Number of protein chains: 2
Amino acid sequence: MILSRIILGLLAIAPMTGADLKRHFDSTVTHLWSADKAQIYRTLAALVEQGFASVTVVPGTNAPDRQEHRLTDAGRAALLAWLRSDLDRQPEREAFLARLFVADALDDADVTALVQRRRTAALEQLALYDGIRASTPAATDRGQRLRLATLDHGMRHVRTELEWLDSLEEQLR
Amino acid sequence: MILSRIILGLLAIAPMTGADLKRHFDSTVTHLWSADKAQIYRTLAALVEQGFASVTVVPGTNAPDRQEHRLTDAGRAALLAWLRSDLDRQPEREAFLARLFVADALDDADVTALVQRRRTAALEQLALYDGIRASTPAATDRGQRLRLATLDHGMRHVRTELEWLDSLEEQLR
DNA sequence: CGCCTCTAGTTGACAAGTCGACTAGCGGCG
DNA sequence: CGCCGCTAGTCGACTTGTCAACTAGAGGCG
């Protein structure tokens, strides 16, 4: 459901093929949603079947044919309906916190190592966000401002994560 | 996988039935993982089959019989192996950010309403965490300290979320 | 007595997401 | 020529998570 709406939202920016979408899920939206190739193609097929997108085959130059998908009026309506509907209830899924919650089974050194690994991961994530931001055009219109805000979200939260790790390590000392 | 290890971790604290576990997933660990009843019972059965837990039927007083599950040595070993293994790569799944990313399809008023709904949700979550903390014993041993740290994590992040929403609203004005 | 409710546990169907293998056209290279 | 690698797309099998209906014993209540 959510994936299908994100795809509609991306198609609202420009017509795209499954491969184009996959590239977005690996770069511009990777900080908020990820999707498998197979899942993208299948969702795309479902959207076409529901009349939310239409397909045009564009003969590929130096490559296979491209199946360009474009948003239909019904698709735009479905996107708007989702955007105005109640927020999706999202189950919390924090694998690292889960480990910490049951980490009393480890000795002190292993707990410290666990926390260290998390710090490394957080730093990598921060670097990733910096990379995405570097390759994103500056905010000109409102749409771009909103998209940049989602990146800002990620960066603020990673910084909070690092601060929390600091306080946790101090506590464990 | 992760769910099964969390269950092993909970069984390490005390022997439990499926219903006991469900209560934990609805209260003490709800801020980091959630699980459906059916999933818990099925995972529990798989753990028994793998020899990571054993079952004892305790005749219920004023209630149905209880199938108490206790951690076996193999179960404890599996838990330790997970705790020492590489961190689980978790796909980012931020439904709200997804909405914001494609929210340019909305007019200004609807975008503001969207952000407001998120603020409400964040405040509710903060209240939930306060509730959980209020019903949690103070930190006496290291295990309890670690478990409280996961709550602290949630609260810090909700506060960061609220700050981010402030800055977002200011930007939209 | 029949009915309701509570607790504990079970089951089937299904949606969502993951993984790996595979088709197929094109261009480059030795 | 045959092979490699690139891009686009397809498929089957599988895991994980969700939903709703259901069994079944115990106690309370009118």
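In what follows, chains carry the letters A, B, and so on, assigned in the order in which the sequence lines appear, proteins first and then strands, with residues in each chain numbered from 1. Since the structure is predicted, the reported quantities are computational estimates derived from the model, not experimental observations.
What separates CE of Met16(A) from P of dT7(D) is a distance of 17 Å, to the nearest Å. Across the protein-nucleic acid pair, Asp88(B) atom CG and dT16(D) atom P stand 12 Å apart, rounded to whole Å. In this entry the distance linking CG of Asp36(A) with P of dC14(D) reads 17 Å, nearest Å. Note: CD (Glu92(B)) to P (dT18(C)) measures 13 Å, nearest angstrom. If you take CZ of Arg93(A) and P of dT15(D), they are 18 Å apart, rounded to a whole angstrom. Computed from coordinates, the Ile40(A) CD1 to dT10(D) P distance equals 13 Å when rounded to whole Å. For Ile2(B) and dG17(C), the CD1 to P distance is 15 Å, given to the nearest whole Å. Protein atom CH2 of Trp33(B) is 6 Å distant from nucleotide atom P of dG17(D), rounded to whole Å.
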Short heteroatom pairs, N/O only, protein and nucleotides 6-10 of chain C, under 3.5 Å:
unit_1: dA8(C); atom_1: OP2; unit_2: Arg23(B); atom_2: NH1; d: 2.8
unit_1: dA8(C); atom_1: OP2; unit_2: Arg23(B); atom_2: NH2; d: 3.3
unit_1: dA8(C); atom_1: O3'; unit_2: Asp65(B); atom_2: O; d: 3.4
unit_1: dG9(C); atom_1: OP1; unit_2: Gln67(B); atom_2: N; d: 2.5
unit_1: dG9(C); atom_1: OP2; unit_2: Gly18(B); atom_2: N; d: 3.4
unit_1: dG9(C); atom_1: OP2; unit_2: Ala19(B); atom_2: N; d: 3.4
unit_1: dG9(C); atom_1: OP2; unit_2: Tyr41(B); atom_2: OH; d: 3.0
unit_1: dG9(C); atom_1: N7; unit_2: Lys37(B); atom_2: NZ; d: 3.4
unit_1: dG9(C); atom_1: O6; unit_2: Lys37(B); atom_2: NZ; d: 2.6

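The base of dT18(D) has none of its N or O atoms less than 3.5 Å from a complementary donor or acceptor on the side chain of Arg89(A).
Here His24(B) pairs with nothing under the ring pair (Phe, Tyr, Trp, His ring centres under 6.0 Å) rule; sequence neighbours left out. With sequence neighbours excluded, no residue forms a ring pair (Phe, Tyr, Trp, His ring centres under 6.0 Å) with His69(A).
Of the side-chain N and O atoms in Gln39(A), one or more sit less than 4.0 angstrom from OP1 or OP2 of dG17(C).
Residue Leu97(A) is not grouped with residue Tyr129(B) when hydrophobic side chains (ILVMFWY) are merged at heavy-atom distances under 4.5 angstrom, including chains of intermediate members.
Between Asp141(B) and Arg145(B), none of the side-chain N atoms (NZ, or NE/NH1/NH2) sits under 4.0 Å from a carboxylate O, so this pair counts as no salt bridge.
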Show me the donor-acceptor pairs, under 3.5 Å and distance only, between side chains in residues 162-173 of chain A and residues at least two apart or in other chains.
unit_1: Trp164(A); atom_1: NE1; unit_2: Ala149(B); atom_2: O; d: 3.0
unit_1: Asp166(A); atom_1: OD1; unit_2: Arg119(A); atom_2: NH1; d: 3.1
unit_1: Asp166(A); atom_1: OD1; unit_2: Arg119(A); atom_2: NH2; d: 3.0
unit_1: Ser167(A); atom_1: OG; unit_2: Trp164(A); atom_2: O; d: 3.2
unit_1: Ser167(A); atom_1: OG; unit_2: Arg156(B); atom_2: NH2; d: 3.2
unit_1: Glu169(A); atom_1: OE1; unit_2: Arg119(A); atom_2: NE; d: 3.4
unit_1: Glu169(A); atom_1: OE1; unit_2: Arg119(A); atom_2: NH2; d: 2.4
unit_1: Glu169(A); atom_1: OE2; unit_2: Gln116(A); atom_2: NE2; d: 2.6

Using a 3.5 Å cut-off and no angle test, enumerate the donor-acceptor pairs between side-chain atoms of residues 71-81 of chain B and protein atoms at least two apart in sequence or in another chain.
unit_1: Thr72(B); atom_1: OG1; unit_2: Gly51(B); atom_2: O; d: 2.6
unit_1: Thr72(B); atom_1: OG1; unit_2: Phe52(B); atom_2: O; d: 3.3
unit_1: Thr72(B); atom_1: OG1; unit_2: Ala74(B); atom_2: N; d: 3.4
unit_1: Thr72(B); atom_1: OG1; unit_2: Gly75(B); atom_2: N; d: 3.1

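Remark: side-chain polar atoms of Thr136(B) are paired, donor with acceptor, to backbone N or O of Ile132(B) under 3.5 angstrom.
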Pair Arg133(B)-Asp152(B), salt bridge (Lys or Arg N to Asp or Glu O under 4.0 Å): steps then yes or no: CA-CA 9 Å; Arg133(B) 194 175 46 176; Asp152(B) 182 41; over 6 Å; no

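Each end of the helix from dC1(C)-dG30(D) to dG30(C)-dC1(D) gets its own axis, taken as the rotation carrying the C1' atoms of four end pairs onto the next four within a five-pair window, and the two axes meet at 10° to the nearest 10 degrees.
From Gln39(B), atom CD reaches atom OG of Ser34(B) across 8.5 Å, with rounding to the nearest 0.5 Å.
Across dG17(D), dA13(C), dT18(C), the shortest atom-to-atom separation from the side chain of Arg42(A) is found for dT18(C).
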